[in-house]
Amino acid sequence: MKLLLENWRSYLTEQQGKRLSVFDFDDTIAQTGNFADAYLAGTPEEEMTGPESENFVKRLDTEETESAKKTEIVNGVRVALDFRDFNKEVRGPVGEITNITNIMRDRLKDGSTQVMVMTARAPDSEEAIQNYLNTLHRPIDTSNMVIKGVAGGDKGEWILSYLTANHGFTEVEFYDDQDKNIDNVLAAREQLPNVNFSVYKVVRGEIKPAR
């Protein structure tokens, strides 16, 4: 009888479908001290050495970084951006964004939900993100979580490839602070009309539905 009940619950879960819950890291899960540096356009990587470089323009905060990614202009000059600091450890000061982490904790309790952290950082950062989540005041268990560093890649395309390889998902929710990532996921949504996408922009910890 117990086995019959377990099989029935499994069948019901399959019929209801599964949810993929995707969370960005920087400025979504946590506010970190990592930064992007702007240099004069054309500066080779080996000369991107920080403020001591003669081609250094400015160390950017989150809003300045998003603007520079769109315009390639900082302080009136065309620039190249260096994001390599994000490939290192999670740099302090670090502040947990509890509006998001509480959602993560809730989703991890749901057996029909796969939780994923998808960061624009490189894959080298995945272990550091796992360590950060495991050592919060209220630790987040990452044993059943997917942590993926896409190194600035298209998050929408990566979600498409994941759903193609892992069948049964009928719902995707996505949380990010960057317009580019949100736009890419909205574009991916158009390719999967049978999957319900809920896309949210996180602004200083406030969660807003994307258009």
Those residues at least two apart in sequence (or on a different chain) that pass ring-ring contact (aromatic ring centres under 6.0 Å, His included) with Tyr200 are Tyr175
Review point. Under the 3.5 angstrom rule, does the side chain of Thr28 hit a backbone N or O of Phe25 as a donor-acceptor pair?
Key: no
The reported gap from CE in Met145 to CD1 in Ile129 (rounded to nearest 0.5 angstrom) is 10.5 Å
| query | Would a 4.5 Å heavy-atom cut-off, applied to side chains only, mark Gln114 and Phe169 as touching? | reply | yes
Interatomic distance, CZ@Phe23 vs CE@Met116, rounded to 0.5 Å, equals 11.0 Å
Requested in this report: Go through Ile159 and Leu163 one step at a time and tell me if the side-chain contact (heavy atoms from CB on, under 4.5 Å) criterion holds.
Outcome: CA-CA 6 Å; Ile159 289 173; Leu163 295 178; 4.0 Å; yes
Taking the side chain as every heavy atom from C-beta outward, state whether Leu81 and Asp37 have any atom pair closer than 4.5 Å. no
Closest heavy-atom pair, Ser21 versus Glu173, reported as atoms and distance to 0.1 Å, is OG-OE2, 2.5 Å
Solution key, residues 94-103 side-chain donor-acceptor pairs under 3.5 Å, sequence neighbours excluded:
residue, atom, partner, partner atom, Å
Glu96, OE2, Thr101, OG1, 2.6
Glu96, OE2, Arg105, NH1, 3.2
Glu96, OE2, Arg105, NH2, 3.2
Asn99, ND2, Gly205, O, 2.9
Thr101, OG1, Ile97, O, 3.4
Thr101, OG1, Arg105, NH1, 3.3
Asn102, OD1, Arg105, NH1, 3.2
Asn102, OD1, Arg138, NH1, 3.3
Asn102, ND2, Thr98, O, 3.2

Those residues at least two apart in sequence (or on a different chain) that pass side chain to side chain contact (heavy atoms under 4.5 Å, CB included) with Val199 are Phe174, Ile182, Val185, Leu186, Phe197, Ala210
Across all chains, not counting sequence neighbours, the side chain to side chain contact (heavy atoms under 4.5 Å, CB included) partners of Asn134 are Gln130, Thr142
**Study point:** Test item: Met104 and Val117 side chains (from C-beta on) under 4.5 Å apart, heavy atoms
**Key:** yes
*Under 4.0 Å between a Lys/Arg side-chain N and an Asp/Glu carboxylate O for Asp176 and Lys201?*
no
Value for CG (Asn34) from OG1 (Thr65), rounded to nearest 0.5 Å, stands at 11.0 Å
Residues passing the ring-ring contact (aromatic ring centres under 6.0 Å, His included) test with Phe56, sequence neighbours excluded, are Tyr39
The reported gap from OG1 in Thr119 to CD1 in Ile29 (rounded to nearest 0.5 angstrom) is 8.5 Å
#### Entry: Any donor-acceptor N/O pair, Arg19 side chain to Thr113 backbone, under 3.5 Å
no
Residues passing the salt bridge (charged side-chain N to carboxylate O under 4.0 Å, His left out) test with Arg189, sequence neighbours excluded, are none
Less than 4.5 Å apart, side chain to side chain, heavy atoms only: is that true for Val146 and Val115?
no
Correct closest heavy-atom pair for Asp85 and Gly33 would be OD2-O, 4.5 Å
Value for CG (Asp141) from NZ (Lys109), rounded to nearest 0.5 Å, stands at 12.5 Å
Discussion item. Under a 3.5 Å distance rule, please check whether Lys155 uses its side chain to pair with a backbone N or O of Met118 as donor and acceptor.
Written reply: yes
Donor on one side chain, acceptor on other, Asn55 and Ser53, under 3.5 Å
no
With sequence neighbours left out, the residues meeting ring-ring contact (aromatic ring centres under 6.0 Å, His included) with Phe83 are none
Smallest heavy-atom separation, Arg59 atom then Gly50 atom, equals NH2-CA, 4.2 Å
query: Do Leu108 and Ile207 share a hydrophobic cluster (ILVMFWY, side-chain heavy atoms under 4.5 Å, transitive)?
result: yes
Open item on the list: Hydrophobic clusters here meaning ILVMFWY residues chained together by side-chain heavy-atom distances under 4.5 Å, can you tell me if Trp158 and Val195 are in one?
Closed with: yes
Applying salt bridge (charged side-chain N to carboxylate O under 4.0 Å, His left out) to Glu47 and not counting sequence neighbours gives none
Between Ala188 and Gly156, the two heavy atoms sitting closest are CB-O, 3.6 Å
Residues Pro123 and Gly149: closest non-hydrogen pair is CG-O, 3.4 Å
In terms of heavy-atom contacts, Ala38 and Val74 come closest through CB-CG2, 4.1 Å
Residue pairs passing the side chain to side chain donor-acceptor pair (under 3.5 Å) test with at least one member in residues 67-77, sequence neighbours excluded, are Lys69-Gln178, Lys70-Asp179, Glu72-Arg78
Lys58 meets the salt bridge (charged side-chain N to carboxylate O under 4.0 Å, His left out) criterion, sequence neighbours left out, with Glu64
Could you check whether any side-chain N or O of Thr43 sits under 3.5 Å from a backbone N or O of Leu40, counting only pairs where one atom can act as donor and the other as acceptor? yes
More than 12 non-hydrogen atoms from neighbouring residues, nucleotides or ligands closer than 6.0 Å to CD on Glu54, yes or no?
no
Contacts of Glu45 meeting salt bridge (charged side-chain N to carboxylate O under 4.0 Å, His left out) (sequence neighbours excluded), chain-then-number -> Arg84
**Item:** Any side-chain heavy-atom pair of Asp106 and Asp110 under 4.5 Å
**Value:** no
**Asked** Does any N or O in the side chain of Asp27 come within less than 3.5 Å of the main-chain N or O of Asp177, such that one atom is a donor and the other an acceptor?
**Response** no
Separation between CZ (Phe86) and CZ (Arg121), nearest 0.5 Å, reads 6.5 Å
Side chain to side chain contact (heavy atoms under 4.5 Å, CB included) filter on Asp154, not counting sequence neighbours, yields Glu157, Asn184
